[in-house]
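The next block holds one structure in the form of structure tokens; read it before the comments.
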Amino acid sequence: MADKETYDRYAIEMAQRFAAFVTWAKENWPDQNFPLLDSDFDNSRKEIRLLLGERLESCQQDASSNAGQDATQYIDVTPSPWP
């Protein structure tokens with residue numbers, strides 16, 4: 001089970017790798033008449049923020065909530081009868 005520190009290290013490394021990729025892509029773009037701009041990667045940044053933010057956070061919450069529970073696979077959700 002991964003802990004918060006593991007998730008944080010993953011998020012930091014992924015952000016660094018994406019920044020390195022953007023730098024590489026801009027420097028090695030073959031058509032110098034129409035160079036890549038930072039704005040060309042805006043949608044990718046949004047997706048990565050979603051991945052590193054909401055999805056990674058939900059994984060952390062799932063892991064922490066599952067760690068405190070016993071191994072029950074069935075949770076009774078039947079409503080109580082009317083009074």
Side-chain angles (χ1 to χ4, degrees):
M1 199 59 40
D3 59 351
K4 182 174 176 12
E5 183 180 330
T6 304
Y7 287 113
D8 290 344
R9 280 186 302 191
Y10 176 85
I12 289 167
E13 184 172 348
M14 185 168 184
Q16 289 171 344
R17 287 182 181 217
F18 180 73
F21 168 73
V22 169
T23 302
W24 175 86
K26 287 171 38 179
E27 290 173 355
N28 294 290
W29 183 249
D31 189 356
Q32 294 303 316
N33 293 327
F34 299 101
L36 289 176
L37 305 173
D38 280 336
S39 59
D40 293 327
F41 298 94
D42 285 347
N43 288 335
S44 299
R45 284 187 186 92
K46 289 177 188 176
E47 291 294 325
I48 288 176
R49 257 182 272 153
L50 175 66
L51 181 67
L52 295 180
E54 295 174 13
R55 285 187 64 186
L56 195 58
E57 186 176 307
S58 70
C59 290
Q60 283 179 309
Q61 290 172 353
D62 290 346
S64 64
S65 66
N66 288 340
Q69 295 177 348
D70 56 4
T72 345
Q73 293 184 4
Y74 174 75
I75 299 173
D76 186 14
V77 294
T78 307
S80 301
W82 289 93

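Side-chain N or O atoms of Asn28 include one that pairs as donor or acceptor with a backbone N or O of Trp24 at under 3.5 Å. Between the Trp29 side chain and the Phe34 main chain, a donor and an acceptor come within less than 3.5 Å of each other.
When the salt bridge (Lys or Arg N to Asp or Glu O under 4.0 Å) test is applied to Glu13, the partners found at least two apart in sequence or on another chain are Arg17. Annotation: side chain to side chain contact (heavy atoms under 4.5 Å, CB included) contacts of Asp38 (sequence neighbours excluded): Val22, Lys26, Arg45. Applying the side-chain hydrogen bond (donor to acceptor under 3.5 Å, both in side chains) rule to Gln16 yields no partners; only residues at least two apart in sequence or on another chain are considered. With sequence neighbours left out, Ser39 forms a side chain to side chain contact (heavy atoms under 4.5 Å, CB included) with Leu37, Asp42. Every residue two or more places apart in sequence or in another chain was checked for a side-chain hydrogen bond (donor to acceptor under 3.5 Å, both in side chains) with Asp31, and none qualifies.
The two residues Gln32 and Glu27 make their nearest non-hydrogen contact at NE2-O, 4.5 Å.
In this structure, Phe21 is a member of the same hydrophobic cluster as Tyr10, with clusters built from ILVMFWY side-chain heavy atoms closer than 4.5 Å.
Within the model, atoms CD1 of Ile48 and CE of Met14 stand 4.5 Å from one another, a figure rounded to the nearest 0.5 Å. Atom CZ of residue Phe41 and atom CD of residue Glu47 lie 15.0 Å apart, to the nearest 0.5 angstrom.
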